[in-house]
> 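I'd like to ask some things about the structure below.
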Amino acid sequence: MAVETLPELLEGLNEPQRAAVTFGDGALLILAGPGSGKTRVITHRVAYLVRERRVAPWRLLAVTFTNKAAKEMRARSAALLGEDAGSLAMGTFHALCARWLRIDGHTIGLDRNFTIYDADDQERLMKRTLDDLRMDPKKHSPRAILSQISHAKNEMLSREGYAARIQTYDQEVVARVWARYEELMRSSSAVDFDDLLLKTVQMFAQSEEAIEKYAGRYQYVLVDEFQDTNPVQYQIAHALAAGFVGAGSEPERRIDAAGRRLGYRNIAVVGDPDQSIYSWRAADIRNIANFEADFPGREVVLLEQNYRSTAPILMAAESVIDRNPYRTPRRLWTARPGGDMITGYEAYNDEEEGEFVANEVRRLANAGRKLSAIAVLYRTNAMSRPIEDALVRHRIPYRLIGGVRFYQRREVKDLIAYLRLIHNRLDEASLLRVLNVPGRGVGKTTVARLREWAASMQLGTWDACEAVAGGRLDTGITGRSAAGVREFVIAINALRAKRELPLTMLLDDLLMATGYLRYLREGEPDAAEDRVESIDQLRAVMIQYSDIAGDVSDLAQFLNDVALVADVDEVEGGANAVTLITLHNAKGLEYPVVFMVGLEEGVLPHIRSFDDPKQMEEERRLAYVGITRAEDLLYLTRSYRRFMMGGTMANPPSRFLLDIPKEVVRPWGSTTPGLRAGSYAEAVAIAPPQEDLPEIEAEYGPGQLVRHVKFGVGIVVSARANGGDVEYQVTFEAAGVKRLLQSYARLAPA
DNA sequence: GTAACCGAACTTTTT
DNA sequence: GTTCGGTTAC
């Protein structure tokens with residue numbers, strides 16, 4: 001017995017944390033508020049099970065929400081355990097399922113070299129499907145159909161099940177399209193994200209061998225971010241812990257081939273209903289109730305002490321989330337004394353909001369804060385733009401998470417499509433993507449002919465290409481188009497012969513064989529440099545895949561991982577840069593300084609949630625998640641005007657701001673008159689309604705020189721009435737042309 | 001039959 | 001301010 005390690009393991013943990021760490025066998029529900037040391041509890045529990053209970057590491061399974069979380073968990077467990085953490089099974093549902101399916105998917109007829117399609121590939125294939133069925137993609141939006149299918153899959157509804165309960169015409173369309181879509185996926189040897197989960201459940205349900213193997217292997221199952229699991233994911237967790245598929249049915253005991261009971265029923269789930277923000281991805285909080293039903297007698301541990309944030313930040317968070325109905329009241333508390341007030345700032349427009357953030361970042365950096373300690377959080381990716389612009393102006397380095405995602409960039413997707421095709425020639429979406437990239441004279445008509453011929457011969461499109469390359473004429477493809485197809489086939493086959501080469505060499509050969517670089521340079525000379533840079537980045541990623549251990553090729557492993565990376569996975573602590581990130585992506589992260597921007601009605605809460613109370617509650621949780629990312633300093637900003645969807649919007653301050661007690665908010669000097677003192681609620685109360693504004697006369701005329709606090713000296717180009725105000729167009733020496741409202745922009749004669 | 005150009009529609013959040 | 005699809009020009 002390693003007696004001396006137990007006190008070490010429990011040192012510095014509070015009572016509920018200890019209870020969770022040392023919980024023995026059975027089912028455990030850990031309700032963990034933000035900053036309550038959740039990861040610490042999980043890693044210490046892993047260490048406890050291995051050290052004290054002598055559980056072999058490979059018999060522990062931990063499911064996380066992102067690859068990054070898995071990586072961190074593994075690293076921290078390893079630090080507690082020493083070297084024997086390598087065999088711990090940790091990963092996202094999707095990554096784990098992909099691994100299991102590659103090994104045992106053959107039991108349900110799945111090829112081990114299947115390709116994983118992302119949303120982009122799916123959309124491409126869906127358009128094809130509609131095309132095949134002679135349906136108008138404008139009448140039936142591919143995306144909407146896919147989202148219907150996805151939702152059904154995540155609800156564990158099979159295509160047959162869906163078809164059986166059709167009620168509307170639209171559903172009938174979906175059912176019809178779904179059938180053909182599935183055929184195409186199958187013949188492409190492809191699966192989508194939802195299939196990874198669903199097929200795993202199918203495998204566990206249909207293959208005795210598979211369920212015995214995995215339920216027999218994992219003695220302890222742990223699921224993190226449980227509030228964001230959807231029904232299929234829950235089914236998987238349940239199957240592994242209980243030894244059979246069928247959560248919700250009578251608990252039973254399964255016997256394996258050796259006569260042992262299957263399913264250890266040791267399962268711990270960690271979650272926080274207040275941080276459930278993925279219902280649109282079919283996540284279902286009811287899983288918490290299901291858990292209680294499927295694992296009767298489960299214990300509950302509540303983690304309520306917050307170690308992350310100051311009292312004012314927690315106060316703000318609580319006052320926002322507390323307004324959600326039907327929530328189990330819970331109090332977070334902190335032992336941290338003092339703490340700065342929250343800073344509230346009202347900007348005139350989104351550009352100025354960015355200026356404010358950049359100025360504050362600069363000030364904080366000068367005061368000794370590391371840039372890596374600072375994050376800017378926003379509701380939608382598009383909102384990063386004005387922040388980025390301001391940071392660039394101030395020469396402040398930043399890291400953008402998400403946005404135009406690396407693996408979504410055209411050049412990266414093109415090259416990956418080539419690699420996938422080399423790996424799996426059935427991959428229809430990839431084939432159609434690159435068949436004419438760079439242009440080879442293979443246009444729409446030729447593609448249609450290829451597909452028609454393939455269909456008539458019961459073959460794939462790739463076979464049709466090979467037929468053309470082989471000189472077959474009954475395809476109706478001749479001349480330049482036929483030459484293009486032949487060129488393509490020769491290139492792919494030549495590269496295929498090199499698929500065991502180190503990936504970077506394969507990439508270089510690929511670029512050479514296809515003339516891709518020249519295509520970039522000639523196609524869009526302006527963007528070429530950028531795109532070549534992302535190819536270099538891709539090469540850098542590939543280097544990590546040289547000679548990986550394991551029984552699959554580097555290429556297979558690379559393609560698998562690349563399909564499953566999330567944006568947050570790229571977040572690193574080390575870089576000396578400000579982090580720009582969406583609220584969704586920020587879940588699970590923490591920063592000493594947090595700026596939450598765009599706290600406006602229509603933005604946060606998002607306009608799409610206005611007519612649905614359920615969604616509005618989720619927006620509130622999103623605000624709660626954002627606020628609770630902050631450790632020391634929190635800035636809540638909103639902008640009077642915002643440029644979005646091609647126009648300028650004037651949004652009132654977010655209702656969430658109004659919920660925060662003024663005692664914890666310090667309003668910052670605002671450019672909006674009358675909004676300088678008091679809380680947000682006060683500020684709004686004293687701001688005169690728009691229509692009562694007195695008519696303002698233009699103080700300056702075109703041609704006059706004026707001075708602006710921020711932009712310096714400029715010349716008035718035009719002045720015109722605008723909603724009781726005067727809007728000027730002014731050209732500044734340094735900042736260029738700006739539109740300014742007289743009542744807000746404090747202009748002075750120059 | 002293909003490439004280039006131009007207008008329209010749209011942007012919530014993502015494994 | 002983007003990307004997609006349709007139309008026109010070659």
> Over how many whole Å does the gap from His151(A) atom NE2 to dT14(B) atom C1' extend?
14 Å
> OP1, OP2 of dT15(B) versus side-chain N and O of Asn67(A): anything below 4.0 Å?
no
> Do Asn424(A) and Asp427(A) meet the criterion of a side-chain donor-acceptor pair at a distance under 3.5 Å?
no
> Without decimals, in angstroms, what is the distance between Asp121(A) CG and dT14(B) C1'?
15 Å
> Please work out if Gln615(A) contacts a base, only the sugar-phosphate, or nothing of the nucleic acid, heavy-atom cut-off 4.0 Å.
base
> Rounded to the Å, how far apart are Asp228(A) CG and dT13(B) P?
16 Å
> For residues Ser639(A) and Asn349(A), is any side-chain donor paired with an opposing acceptor at under 3.5 Å?
no
> Please enumerate all protein N or O atoms sitting under 3.5 Å from an N or O of nucleotides 2-10 of chain B, with distances to 0.1 Å.
unit_1	atom_1	unit_2	atom_2	d
dT2(B)	OP1	Gly441(A)	O	3.3
dT2(B)	OP1	Gly443(A)	N	2.8
dT2(B)	OP1	Thr446(A)	OG1	2.5
dT2(B)	OP1	Ser481(A)	OG	3.3
dT2(B)	OP2	Thr445(A)	N	3.3
dT2(B)	OP2	Thr445(A)	OG1	3.2
dA3(B)	OP1	Gly441(A)	N	3.4
dA3(B)	OP2	Asn436(A)	ND2	3.4

> Among residues at least two apart in sequence or on other chains, which ones pass side chain to side chain donor-acceptor pair (under 3.5 Å) with Thr446(A)?
Ser481(A)
> How long is the line joining CZ of Phe93(A) and C1' of dT15(B), in whole Å?
11 Å
> Nearest whole angstrom, please: distance from the P of dT14(B) to the CG of Asn230(A).
16 Å
> Distance check: side-chain N/O of Thr66(A) vs OP1/OP2 of dT15(B), anything under 4.0 Å?
no
> Please list, in numerical order, the residues of residues 193-201 of chain A that have a heavy atom closer than 4.0 Å to any atom of DNA chain B.
Phe193(A)
> Using the side chain to side chain donor-acceptor pair (under 3.5 Å) rule, collect all pairs that involve residues 604-615 of chain A, keeping only residues at least two apart or in two chains.
none
> Could you tell me how far apart Asn381(A) (CG) and dT13(B) (P) are, to the nearest whole angstrom?
5 Å
> We want to know whether Glu600(A) and Ser654(A) form a side-chain donor-acceptor pair, criterion being a heavy-atom distance below 3.5 angstrom.
no
> Checking Arg102(A) against Phe114(A): charged group under 6.0 Å from the ring centre and within 45 degrees of the axis?
yes
> Using the P atoms only, state how far dC4(C) lies from dT13(B), rounded to an integer number of Å.
16 Å
> Does either side chain, that of Asp414(A) or that of Tyr516(A), offer a donor lying less than 3.5 Å from an acceptor on the other one?
yes
> Do Arg621(A) and Tyr624(A) form a cation-pi contact, if we require the NZ or CZ to be under 6.0 Å from the six-membered ring centre and within 45 degrees of the ring's axis?
no
> Check whether any side-chain N or O of Asn585(A) sits under 4.0 Å from OP1 or OP2 of dT13(B), and answer yes or no.
no
> With sequence neighbours excluded, what pairs up with Asp561(A) under the salt bridge (charged side-chain N to carboxylate O under 4.0 Å, His left out) test?
none
> Nearest whole angstrom, please: distance from the C1' of dT13(B) to the CD of Glu619(A).
8 Å
> Ring of Tyr407(A), cation from Lys413(A) - is the NZ or CZ under 6.0 Å from the centre and inside 45° of the axis?
no
> Cut-off 3.5 Å, side chains only: do Arg281(A) and Asn230(A) have a donor facing an acceptor?
no
> Using atom CG of Leu583(A) as one end and atom P of dT13(B) as the other, report the distance to the nearest whole Å.
11 Å
> Tabulated below should be each protein N or O lying under 3.5 Å from an N or O of nucleotides 2-5 of chain C; please produce it.
unit_1	atom_1	unit_2	atom_2	d
dG5(C)	OP1	Lys127(A)	NZ	2.8

> Surrounding CZ of Arg518(A) (heavy atoms of other residues, nucleotides or ligands, distance under 6.0 Å), is the total greater than 12?
no
> Quick check, does Trp280(A) stack with dT13(B)? I mean ring centres under 5.5 Å and planes off by under 30°.
yes
